S.K.: 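Can you keep this structure in mind? I'll have questions shortly.
Here the structure is a predicted model, which is why all the values come from computation and not from measurement. Count residues from 1 along the sequence.
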Amino acid sequence: MMTECEFYNNLYDDFLETRNDENDKILWKMYKIIDLMNITNEKEPNGFMENGLRMIMLLFNRFKIDSCDLCSFDLFDTPSNEKEELMLILREEFT
C-alpha cells in the first residue's frame with residue numbers, strides 16, 4: 001500500500017509532467033482522484049482522503065508550473081563556489 005508521503009510525491013511529480021497543458025491537467029486530476037480513492041478508505045481517522053483531495057484541487061486550480069520546477073539542478077552537483085554564493089544569498093534573505 002502506498003503511504004501518504006509517497007502519494008504526495010507522486011502527485012506533484014505527475015503534475016509537473018503536465019507542463020501547464022490544460023488537457024493534461026484535467027486528465028491528471030481525474031486519474032489522481034481515482035488513484036486516491038483506490039488507496040484510501042473513507043473511514044480513515046487521519047484524513048488522508050480529504051487531504052489528498054484538497055491537494056489535488058489546490059494544484060489543479062491555483063498552481064502554475066514555473067520554469068524552475070521543470071529544469072532545476074541538484075545542489076549536491078553544484079560547484080563549491082556557487083554553493084557559497086547561494087548560501088550568502090539565502091542568509092541575507094532569511095536572517
S.K.: Do Tyr12 and Ile33 sit in one hydrophobic cluster, given that two such residues count as connected whenever their side-chain heavy atoms are within less than 4.5 Å of each other, even indirectly?
M.R.: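 Yes: a chain of side-chain contacts under 4.5 Å links Tyr12 to Ile33.
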S.K.: In sequence, state the C-alpha distance, the side-chain angles, and the governing distance for Leu53 and Met37, and then conclude on side-chain contact (heavy atoms from CB on, under 4.5 Å).
M.R.: CA-CA 9 Å; Leu53 285 172; Met37 296 301 128; 3.9 Å; yes
S.K.: Do side-chain atoms of Glu82 reach the backbone of Pro79 as a donor and acceptor pair under 3.5 angstrom?
M.R.: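 Looks like no, no N/O pair under 3.5 Å.
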S.K.: I need the minimum non-hydrogen distance between Asp21 and Asn23, along with the two atoms involved.
M.R.: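 For Asp21 and Asn23, the tightest heavy-atom pair comes out as OD1-N, 3.1 Å.
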S.K.: Applying side chain to side chain donor-acceptor pair (under 3.5 Å), can you list everything that pairs with Glu84, at least two apart in sequence or on another chain?
M.R.: none
S.K.: Under a single-linkage definition using a 4.5 Å side-chain heavy-atom cutoff for Ile, Leu, Val, Met, Phe, Trp and Tyr, are Leu27 and Ile56 assigned to the same hydrophobic cluster?
M.R.: no
S.K.: With sequence neighbours left out, which residue pairs that include part of residues 52-61 fulfil the salt bridge (Lys or Arg N to Asp or Glu O under 4.0 Å) condition?
M.R.: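 Checked against salt bridge (Lys or Arg N to Asp or Glu O under 4.0 Å) - neighbours excluded - the pairs reaching residues 52-61 are Glu50-Arg54.
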S.K.: Examine Leu36 and Leu16 and state if one hydrophobic cluster contains both, with Ile, Leu, Val, Met, Phe, Trp and Tyr joined whenever side-chain heavy atoms are less than 4.5 Å apart.
M.R.: yes
S.K.: Restricting to pairs with a member in residues 26-41, which pass salt bridge (Lys or Arg N to Asp or Glu O under 4.0 Å), not counting sequence neighbours?
M.R.: Asp14-Lys32, Lys32-Asp35
S.K.: Can you tell me how far apart CZ (Phe7) and CD1 (Ile39) are? Round to the nearest 0.5 Å.
M.R.: 5.5 Å
S.K.: I want to check something: taking the side chain as every heavy atom from C-beta on, are Glu92 and Ile89 in contact at a cut-off of under 4.5 Å?
M.R.: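 No; the side chains remain at least 4.5 Å from each other.
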S.K.: Test of understanding: with side-chain contact (heavy atoms from CB on, under 4.5 Å), list the residues that count as partners of Ile34, not counting sequence neighbours.
M.R.: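 If we apply the side-chain contact (heavy atoms from CB on, under 4.5 Å) test to Ile34, skipping adjacent residues, the hits are Asn38.
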S.K.: Would you please name every residue forming a side-chain contact (heavy atoms from CB on, under 4.5 Å) with Ile26, sequence neighbours left out?
M.R.: Phe60
S.K.: Under the rule for side-chain contact (heavy atoms from CB on, under 4.5 Å), what residues qualify as partners of Tyr8, not counting sequence neighbours?
M.R.: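 Listed in chain order: Glu4, Leu11, Phe48, Asn51, Met55.
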